[in-house]
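Both backbone and side-chain heavy atoms feed into the values below; hydrogens, waters and symmetry mates do not. Below, chains carry the letters A, B, ... as their sequence lines are ordered, and counting in each starts from 1.
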Amino acid sequence: MTASIWLLKTEPDQFSIADLASRGIAGERWNGIRNYQARNFLRTMQLDDLALIYHSGCSLPAIVGTARVISIPYEDLDALNPASPYFDAKSSTSNVRWSAVDIQFSQLWSQPVTLAQLKASGELADMTILRQARLSIAPVLDVELRVILALLAQNEAASP
DNA sequence: GCCAACGTTGGC
DNA sequence: GCCAACGTTGGC
């Protein structure tokens, strides 16, 4: 099976791509996902899958760089920890309802590809993330990645 | 800060 | 199993 591509949302005020970069090769646990659809996507992630990092809830919502999946999915044990903000009373040791993966920083894009650009491109109307704005993990098709990378190339060519 | 979208919860 | 109420997300 070939590697899949994902879009991962994060609020830069909480955890930005710069924070991910600072983690180096150790990477970061992508945990706290508390939405079934997002979790189900997460559970199909495989080693070396590509992740596009998207900044949401900020002044310029945009894809800002890339990361790589460096673990297989595993139980998100924060669900069992009452002190964690991600505690889930309905999870138990025999049924941890939520999952996590580790990801590692790959690239910071010098020119982010903005949400406005994604919407304006016309070719991405069916992109999961545009259809379901609130989903924090979404698959990206190869054809969609190509359009996004073309937008990135345009941005880079236009930058001083 | 507002509001639309939408997922979750809980009563019935 | 339905649906109203509620909470959260996230763009603007």
Exercise. For the atom pair CG (A:L145) and CG (A:L124), what is the distance rounded to the nearest 0.5 Å?
Worked result: 10.0 Å
Problem set entry | Out of C:dG11, C:dG10, C:dT8, whichever nucleotide has its closest atom nearest the side chain of A:P61 | C:dG11
Exercise. A:H55 has an atom NE2; how far is it from atom P of C:dT9, in whole Å?
Worked result: 17 Å
Exercise. With respect to the phosphate group of C:dG10, does any side-chain polar atom (N or O) of A:K9 fall under 4.0 Å of OP1 or OP2?
Worked result: yes
For this session: Measure from CZ on A:R131 to P on C:dT9 and round the result to the nearest Å.
Result: 24 Å
Exercise. Are the side chain of A:T66 and the backbone N or O of A:Q107 linked by a donor-acceptor pair below 3.5 Å?
Worked result: yes
Problem set entry | N or O in side chain of A:Y36 less than 4.0 angstrom from B:dC6 OP1/OP2 | no
Exercise. Starting at CG of A:L135 and ending at P of B:dA5, how long is that distance when rounded to a whole Å?
Worked result: 17 Å
Exercise. Taking atom C1' of C:dT9 as reference, at what distance in whole Å does atom CG of A:L115 sit?
Worked result: 14 Å
For this session: To the nearest Å, give me how far apart CG (A:N35) and P (C:dG7) are.
Result: 18 Å
Problem set entry | N/O donor-acceptor pair under 3.5 Å between A:K119 side chain and A:L130 backbone | no
Exercise. What integer distance in Å separates A:R134:CZ from B:dG7:C1'?
Worked result: 6 Å
For this session: Quick one: do A:F41 and A:L135 satisfy side chain to side chain contact (heavy atoms under 4.5 Å, CB included)? Show the steps, please.
Result: CA-CA 10 Å; A:F41 285 134; A:L135 200 52; 3.8 Å; yes
Exercise. Rounding to a whole Å, what distance do you find between A:K90:NZ and B:dG7:C1'?
Worked result: 12 Å
Exercise. What's the closest nucleotide to the A:Q132 side chain, out of B:dT9, C:dG11, B:dG7?
Worked result: B:dG7
For this session: Can you tell me the distance, in whole Å, between the CZ atom of A:R97 and the C1' atom of B:dT9?
Result: 11 Å
